[in-house]
K.L.:
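Before we start, here is the structure in question, set down as structure tokens.
All values below were derived from every heavy atom in this structure, side-chain atoms included, with hydrogens, water molecules and symmetry-related copies excluded. Proteins come first, then strands; the chains are lettered A, B, ... in the order of their sequence lines, and each starts at number 1. Everything numeric in this text was worked out from a predicted model, so none of it was measured.
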2 protein chains.
Amino acid sequence: MVETVRRFNRTVTQRVGALDDSYLARDRPLAQSRLLWEIGPAGAEVAALRTRLDLDAGYLSRLLRTLEGAGLVVVGPGESDGRVRTVRLTDAGRVEWHLLDGRSDELAWSVLAPLTDGQRARLTSAMAEVERLLMASLVTIGPCHPGEPRARACLRAYARELAKRFDVGFDLSRGGVDEQELVPPAGLFLVATVSTEAVGCGALRLPPGEPAEIKRLWVSASVRGLGVGRRLLGELERHAAAAGATSVRLDTNRTLTEAMRLYRAEGYHEIPRYNDNPYAHHWFAKPLC
Amino acid sequence: MVETVRRFNRTVTQRVGALDDSYLARDRPLAQSRLLWEIGPAGAEVAALRTRLDLDAGYLSRLLRTLEGAGLVVVGPGESDGRVRTVRLTDAGRVEWHLLDGRSDELAWSVLAPLTDGQRARLTSAMAEVERLLMASLVTIGPCHPGEPRARACLRAYARELAKRFDVGFDLSRGGVDEQELVPPAGLFLVATVSTEAVGCGALRLPPGEPAEIKRLWVSASVRGLGVGRRLLGELERHAAAAGATSVRLDTNRTLTEAMRLYRAEGYHEIPRYNDNPYAHHWFAKPLC
DNA sequence: CATGATTGCTGACTTTAGTCAGCCATTTCG
DNA sequence: CGAAATGGCTGACTAAAGTCAGCAATCATG
């Protein structure tokens, strides 16, 4: 199995990667093309680009200056936060972007073209499988101080999503969870990351004299369905058990049906209301062995 | 389908590629590590490294000088051809190579580790499938003057292989094929390549007044079983038909059983001896529609 | 043995990529 | 309000990657 993975890494990653890069880097340096592509017709925030492409702030700034100099993008002030700047493609930039997009299509087609129909179907389904499983295995889960940027990014995304899904909106500060409660030994905050991007989180409170409680369980849409939520939940439970808890409990909103499915599948059962969280409709608990 | 291939290229190629590179490039620059790895415990010829890694001759030379300076390799004279130099790892180089090898194993295992047994099995079989089909689709077939380096490399490999397989050895010059006969309009020489490496060839003679003849059909062991021989044969037949030939014929040695299987599968039937090729035991022909 | 092709090496570059410290503007928090 | 944190920009770097022309050794061939 290890041998298969190694062969795959060697041939596929190297060869296809090189081909891909050479297609992208035809008119301008690779980093510029990649950045231009990543900005996209919808525009993007500079901070988001930095984490997605894992670039040094100075280097990114310089790249943006070059693209701006070439008349391909404009960097303007952010919408809500004046420090976060947003990049948009100009008309010329949009033309370039479509050119890159076309090349990407062309490259993809050149892979499919020499194959028979049957081979094509087998190749694409195998590719989808590899991508899915690889993504799942590239997710690493580890503890993180809730004040760290990665944790903050998760909590922001968590709040943004709940605000969108709840009929009444959502305000993180009304959750009644103090940051200090999520630092060992009083609790734990876990973050799931893919390369440098945070794609999920989960928190555990260990209030003395009360059962352990799970809060802030969130998984980014980009990795949903790969078992990340399950892994986060399991890690939190393991930590709670190690700290001596005999059970964990949690609350949830009626709109979060996937979450409730997960809880039930993992052995949680519904219990009566145990707090006055204004956003909660259901309360669950699970005994720890 | 195109969308699937694009997603695959984007996520897998980028992310795994970057991870792979960061593992390799821990103690020394990436290019040096890659080169060291490619040399391997068995050593390699400089010319072979250049085509495999697609490097500039000057750059490669410099990289070798650096590795030599670090006491990891020794560059010595070639065996048969005094111009082609061979690189071998020193004891220190072998240690480094094993370190890289170990890291590669480690990386592969880190991909498998977070998955369940079932997921692992699915991932590795999907990887093998992708690799196979991708390799097949990255093979490009095109005409090439038989004097070009790529063609010469193929013919050398062809001769080397036949010399190994025939009981009586093999001498290309006794084949009775003149280079000029394989240049349009008198004939055709096709080469199959993956990125810059030649992995197969096939030749067509169109002697006036005689049936067309296929010669020098060879496929590198690295891509055998992916239909490259079939594609080469088909291209040659198509060219022969376009040139007005109504049939093609060829001869082969009794030790080349896979080749004979291919010929029969493609509609060739055995015919009586039509030439005095000292290496031939069987003669085949196929009518062209 | 003279000639031309092949192979590799070296010097002298240019371009890309990446890093780090310091600065300023904006926002958040006490 | 002031202090601290955050986000981005610039200058001044270093290192790596890649290119090109010219040279020397070796080999194939007439």
Side-chain angles (χ1 to χ4, degrees), chain A residues 18 21-22 24-35 44-51 53-69 73-87 145-153 155-156 172-173 178-180 196, chain B residues 18 21-22 24-35 44-51 53-69 73-87 145 147-153 155-156 172-173 179:
Chain A
D21 291 354
S22 73
L24 271 177
R26 270 220 296 244
D27 312 318
R28 70 192 79 254
L30 182 59
Q32 283 178 39
S33 288
R34 251 209 264 278
L35 177 57
E45 298 187 344
V46 173
L49 293 171
R50 210 180 47 216
T51 58
L53 293 167
D54 193 23
L55 291 172
D56 173 82
Y59 184 32
L60 174 58
S61 176
R62 224 171 295 276
L63 287 172
L64 284 172
R65 227 48 51 218
T66 312
L67 290 178
E68 208 168 28
V73 305
V74 279
V75 180
E79 314 227 322
S80 55
D81 188 330
R83 294 168 303 184
V84 179
R85 313 193 53 184
T86 57
V87 199
H145 190 280
E148 267 186 48
R150 282 188 313 154
R152 290 209 179 280
L155 290 172
R156 263 201 305 276
L172 245 192
S173 58
D178 184 32
E179 216 172 66
Q180 292 311 311
T196 58
Chain B
D21 290 354
S22 73
L24 271 177
R26 268 215 302 240
D27 311 317
R28 69 192 79 257
L30 181 59
Q32 281 178 39
S33 288
R34 250 209 266 278
L35 177 56
E45 299 188 343
V46 172
L49 292 171
R50 211 179 47 216
T51 59
L53 292 166
D54 194 22
L55 290 172
D56 173 82
Y59 186 31
L60 173 58
S61 174
R62 222 172 298 275
L63 288 172
L64 283 173
R65 227 46 52 217
T66 313
L67 290 179
E68 208 169 27
V73 305
V74 279
V75 180
E79 315 228 321
S80 55
D81 189 331
R83 295 166 302 180
V84 179
R85 312 193 55 186
T86 57
V87 199
H145 189 282
E148 267 186 47
R150 282 188 311 154
R152 289 209 179 280
L155 289 173
R156 262 200 306 273
L172 245 192
S173 58
E179 217 172 65

K.L.:
Taking CG from B:Leu64 and P from C:dT10, how many angstroms apart are they, rounded to a whole number?
P.N.:
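Those two atoms, CG and P, are 10 Å apart.
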K.L.:
In whole Å, what is the span from the CD atom of A:Glu68 to the C1' atom of D:dC9?
P.N.:
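Rounded to whole Å, this separation is 12 Å.
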K.L.:
For residues A:Thr66 and A:Gln32, report the shortest heavy-atom separation together with the two atoms involved.
P.N.:
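Heavy atoms only, the tightest pair is CG2-NE2, 3.6 Å.
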K.L.:
Among the nucleotides D:dG7, C:dC9, C:dC20, which one has an atom lying closest to any side-chain atom of B:Arg85?
P.N.:
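Of the candidates, C:dC9 comes closest.
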K.L.:
Just one of A:Leu67, A:Leu35, A:Val46 clears the side-chain contact (heavy atoms from CB on, under 4.5 Å) bar with A:Val87, so which one?
P.N.:
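That would be A:Val46; it is the only one of A:Leu67, A:Leu35, A:Val46 passing the side-chain contact (heavy atoms from CB on, under 4.5 Å) with A:Val87.
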K.L.:
Looking at C:dG8, D:dT10, C:dT10, which one has an atom nearest to any side-chain atom of B:Arg62?
P.N.:
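Looking only at side-chain atoms, B:Arg62 lies closest to C:dT10.
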K.L.:
Of the listed nucleotides (C:dT26, C:dA17, C:dC9), which one gets closest to any side-chain atom of A:Arg83?
P.N.:
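Looking only at heavy atoms from C-beta outward on A:Arg83, the closest nucleotide is C:dT26.
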K.L.:
For residues A:Arg65 and A:Val75, report the shortest heavy-atom separation together with the two atoms involved.
P.N.:
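Heavy atoms of A:Arg65 and A:Val75 come nearest at NH1-CG2, 4.1 Å.
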K.L.:
Of all the heavy-atom pairs spanning A:Leu24 and A:Arg34, show the shortest one and how long it is.
P.N.:
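Distance-wise, the nearest heavy atoms are CD1-CG, 4.2 Å.
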K.L.:
Using atom CG of A:Asp54 as one end and atom P of C:dT19 as the other, report the distance to the nearest whole Å.
P.N.:
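Distance check: A:Asp54 CG to C:dT19 P gives 9 Å.
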K.L.:
If you take all heavy atoms of B:Leu63 and B:Leu55, which pair is closest and at what distance?
P.N.:
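The pair with the smallest heavy-atom distance is CD1-CD1, 4.1 Å.
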K.L.:
Please pick, from C:dA17, D:dC9, C:dG8, the nucleotide with the shortest atom-to-atom distance to any side-chain atom of B:Val46.
P.N.:
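Nearest to the side-chain atoms of B:Val46, counting from C-beta on, is C:dG8.
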K.L.:
Looking at the side chain of A:Pro29, which of C:dT16, D:dT19, C:dT7 is the nearest nucleotide?
P.N.:
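Per side-chain heavy atoms of A:Pro29, the pick is C:dT16.
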K.L.:
Give the rounded distance in Å between these two atoms: CG of A:Leu53 and C1' of C:dT16.
P.N.:
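From A:Leu53 CG to C:dT16 C1': 16 Å.
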K.L.:
Taking only the side-chain heavy atoms of A:Asp56 (C-beta and beyond), determine which of C:dT10, C:dG8, C:dC20 contains the nearest atom.
P.N.:
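Among the listed nucleotides, the one closest to the side chain of A:Asp56 is C:dC20.
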K.L.:
Using whole Å, what does the distance between atom P of nucleotide D:dC20 and atom CG of B:Leu60 come to?
P.N.:
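Going from B:Leu60 (CG) to D:dC20 (P), I get 16 Å.
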K.L.:
What's the CG-C1' distance between A:Leu63 and C:dT15, to the nearest Å?
P.N.:
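Computing the A:Leu63:CG to C:dT15:C1' distance gives 13 Å.
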K.L.:
Rounded to whole Å, how long is the line connecting atom OH of A:Tyr59 with atom C1' of D:dG7?
P.N.:
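The answer, rounded to whole Å, is 20 Å.
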K.L.:
Quick one: label B:Ala57 by what it contacts on the DNA or RNA (base, sugar-phosphate, nothing), any heavy atom closer than 4.0 Å.
P.N.:
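Touches nothing.
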K.L.:
Taking CG from A:Leu30 and P from D:dA16, how many angstroms apart are they, rounded to a whole number?
P.N.:
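After rounding, the reported distance stands at 19 Å.
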K.L.:
Please figure out whether A:Gly58 or B:Gly58 has its closest DNA chain C nucleotide nearer the 5' end.
P.N.:
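The answer here is B:Gly58.
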K.L.:
Tell me which nucleotide among D:dG7, D:dT10, D:dT19 gets nearest to the side chain of A:Arg65.
P.N.:
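So the nucleotide nearest the side chain must be D:dT10.
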